[in-house]
Amino acid sequence: MSVAEQSCAPEPRVGGVSGRGRPAVIQGGMGVGVSGWPLARAVARTGQLGVVSGVALDATLARRLQLGDPGGHLRRALAHFPGPAAAERIVARYFVPGGLDPAQPFRPVPRLGLRPSQARTELTVAANFAEVFLAKEGHDGTVGINYLEKIQLATPAAVYGAMLGGVDYVLMGAGIPAGIPALLNAFAAHAPAQLPVTVAGGTGDQHLTSFDPASFDPASFDGASLTSAPPAGRPEFLAIISSAVLAGYLCRTEASRPDGFVLETPVAGGHSAPPRGRLRLDDAGEPVYGPRDAIDLDQVATHGLPFWLAGGYSTPQQVAAARSAGAAGIQAGTPFALCRESGLDAGLKRRLLEQAAAGTLTVRNSAHASPAGFPFKTAELAGTLSDADVYAARPRLCDLGYLRTPYQRANGGVGYRCPAEPAEAYARKGGLAEDTHDRRCLCNALLATIGLGQRRAGGWTEPPLVTLGQDHRCLDDLLHRYGHDYSAADVVGYLLGDLGDLGDLGDLGG
Ligand SMILES: Cc1cc2nc3c(=O)[nH]c(=O)nc-3n(C[C@H](O)[C@H](O)[C@H](O)COP(=O)(O)O)c2cc1C
């Protein structure tokens with residue numbers, strides 16, 4: 001999309017919810033880059049909450065700069081970054097005018113670790129700033145950013161960058177995000193903050209990942225001090241969880257209490273919580289969920305915080321059902337993942353919509369595909385890693401490392417391992433060989449899914465892997481109403497438009 005094509009005229013507001021009110025629809029964060037800034041911006045302009053994915057933004061920024069930054073959006077955003085010298089270093093390092101030769105591999109970015117280099121930290125801060133800046137450009141709607149608790153090492157610097165960009169909401173799932181409210185409070189005052197890091201087999205010493213705006217002050221490169229600037233806006237924090245027990249745990253202290261919850265069922269796209277108790281698989285190898293996995297909404301409601309329902313809540317009827325159950329609204333991913341503004345590769349999007357139209361779209365819940373260790377939904381699509389032959393043909397390697405986890409080495413140091421790396425390397429690092437079985441390298445696959453797959457020697461490119469929700473009935477309606485090229489505003493209109501019968505739509509704003 002060129003700058004000229006991006007009209008700054010706001011979309012008509014849908015659903016009677018003001019830009020600053022509580023949203024009825026949250027467009028869920030979808031990594032890597034599926035909910036990039038064009039999608040979040042399009043949703044925010046309807047008056048609902050658009051959420052960019054905060055996962056691996058350093059790599060997507062670096063690779064897009066290497067593709068020549070079509071439209072100049074990233075360089076425009078970086079020109080507003082409060083540390084111009086850092087922004088210049090990033091552009092000098094990664095920008096390739098006219099784009100890399102398609103046979104050339106992308107230049108690597110420094111990997112995550114407990115002691116990140118200055119280059120890694122400034123790339124993380126600037127990339128998160130740029131994504132939020134672009135999503136918020138030219139309108140007054142609200143924008144959130146989504147992180148995975150599992151990727152602990154990236155979080156502090158990434159959150160600070162998003163706050164510099166003016167992010168309105170931070171959402172986090174895939175773990176227990178107890179440290180985030182305090183982190184946001186600290187960063188709002190430009191104070192340092194830290195999060196505990198889990199080190200497998202650790203000696204008991206506490207490991208921390210931290211970020212200090214004073215020691216890494218983007219503006220200090222120009223002699224000014226950001227830390228003496230007025231407090232940054234403190235975003236609202238929504239914890240994405242799947243159990244009322246966890247809601248209670250997070251609410252037990254002020255320091256861990258979020259501002260609301262997204263309550264996600266196991267059919268939601270992406271990762272989901274495993275079933276309670278011992279993992280049982282059905283004949284198709286999918287985790288079996290039962291009554292104990294149902295979320296007790298009444299119990300969640302006792303905390304007095306707003307909540308949104310997610311995972312199959314993507315039809316107007318389900319929005320109404322959520323509202324009747326006391327929710328402020330819903331979070332949807334699947335219908336947005338296939339809309340015009342999503343970052344999903346256009347060819348993959350078209351084939352998935354054709355499958356949906358033909359009634360042949362199948363999404364499985366894989367217990368083992370994700371190195372994160374959580375069940376992960378994968379769409380069956382030839383040529384992607386859902387295909388056993390494509391999976392078997394890909395040499396195992398780990399060169400991005402977002403899902404690597406720290407472990408205690410025998411010599412006292414800390415190493416990093418990922419169950420999707422070569423099995424021998426994982427076992428050598430003390431990992432269980434059986435944990436490597438069936439794992440997909442999501443880091444490389446999800447970048448390929450948005451057209452940023454690494455090009456390898458020998459002329460092959462990393463294969464993609466698509467995640468979607470298992471309840472995709474909404475696609476029948478959307479295809480029927482709008483055809484194969486529907487917009488994010490169409491999705492919002494579809495979800496909220498039919499609620500006219502409910503009377504006061506403004507109530508949806510909570
Ligand atoms: C393509 C895709 C990627 C997703 N990636 C993430 C993610 O990175 N982090 C996250 O918290 N949720 C992720 N989700 C979940 C969505 O944010 C949302 O909660 C979910 O899609 C809602 O259920 P639905 O798929 O039935 O609409 C993803 C979903 C999809 C479809």
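Counting starts at 1 for both ligands and their atoms, following the listed order. Along the sequence shown, residues are numbered consecutively beginning with 1. Computed over heavy atoms, backbone and side chain alike; hydrogens, waters and symmetry mates excluded.
- Under a 4.0 Å criterion applied to the non-hydrogen atoms of Gly469, ligand 1 contributes the atoms 25 (O).
- The side chain to side chain donor-acceptor pair (under 3.5 Å) test applied to His472 returns no partner, not counting sequence neighbours.
- The Ile240 neighbourhood of ligand 1 comprises atoms 11 (O), with distances under 4.0 Å to a heavy atom of that residue.
- Residue Thr334 holds the heavy atom nearest to atom 24 (P) of ligand 1 of all those in Val262, Ile330, Thr334.
- The single protein non-hydrogen atom nearest to atom 1 (C) of ligand 1 is Thr467 O, 3.1 Å, given as residue, atom name and distance.
- At least one N or O atom of Gly312 sits closer than 3.5 Å to an N or O atom of ligand 1.
- Seen from the ring of Tyr486, Arg340 does not count as a face-on cation partner, given the 6.0 Å and 45° thresholds.
- The single protein non-hydrogen atom nearest to atom 16 (C) of ligand 1 is Gly29 O, 3.7 Å, given as residue, atom name and distance.
- The closest approach between a heavy atom of Ser53 and any atom of ligand 1 is not below 4.0 Å.
- Only side-chain heavy atoms of Asn146 come within less than 4.0 Å of ligand 1; its backbone N, CA, C and O stay farther off.
- Of all the listed residues (Gly269, Gly270, Gly333), Gly269 holds the heavy atom that lies closest to atom 15 (C) of ligand 1.
- Which parts of ligand 1 touch Ala332 is read off a 4.0 Å heavy-atom cut-off, strictly below it: atoms 27 (O).
- Residues Pro156 and Gln194 form no side-chain contact, since every pair of their non-hydrogen atoms from C-beta on lies 4.5 Å or further apart.
- Checked against a 3.5 angstrom limit, the closest N/O atoms of Tyr147 and ligand 1 fall outside it.
- Under 4.0 Å from ligand 1, heavy atoms of Ala268 appear from its side chain as well as its backbone.
- The side chain of Leu148, and not its backbone, has at least one atom closer than 4.0 Å to an atom of ligand 1 (non-hydrogen atoms only; side chain from C-beta on).
- Checked by atom type and distance alone, the side chain of Arg394 never pairs as donor or acceptor with a backbone atom of Val390 at under 3.5 Å.
- Here's the thing with Gln331: one of its N/O atoms is less than 3.5 angstrom from an N/O atom of ligand 1.
- Remark: ligand 1 atoms within the under-4.0 Å shell around heavy atoms of Ser314 are 27 (O).
- Using a cut-off of 4.0 Å between Lys/Arg side-chain N and Asp/Glu carboxylate O, Arg280 and Asp282 are scored as not salt-bridged.
- By the 30° and 60° cut-offs, the orientation of the rings of Trp37 relative to His73 is perpendicular.
- Of the listed residues (His271, Gln318, Glu264, Met30), the one carrying the non-hydrogen atom nearest atom 28 (C) of ligand 1 is Met30.
- Between Leu348 and Pro464, some side-chain heavy-atom pair lies under the 4.5 Å cut-off.
- For Val466, no heavy-atom contact with ligand 1 is shorter than 4.0 Å.
- On a distance-only criterion, Gly31 and ligand 1 share at least one N/O pair closer than 3.5 Å.
- The atoms of ligand 1 that sit less than 4.0 Å from any heavy atom of Gly311 are 22 (C), 23 (O), 26 (O).
- In this structure Asp259 satisfies the salt bridge (charged side-chain N to carboxylate O under 4.0 Å, His left out) test together with Arg234, sequence neighbours excluded.
- Gly28 counts as a contact of ligand 1, since one of its heavy atoms falls under 4.0 Å from the ligand.
- Using a cut-off of 4.0 Å between Lys/Arg side-chain N and Asp/Glu carboxylate O, Arg64 and Asp69 are scored as not salt-bridged.
- The aromatic rings of Phe374 and His271 sit perpendicular, their planes meeting at an angle over 60°, well past the 30° parallel limit.
- Of the charged side-chain nitrogens involved, at least one lies within less than 4.0 Å of a carboxylate oxygen, so that Glu354 and Arg350 count as a salt-bridged pair.
- No donor-acceptor contact under 3.5 angstrom links the side chains of Thr124 and Thr121, judged on distance only.
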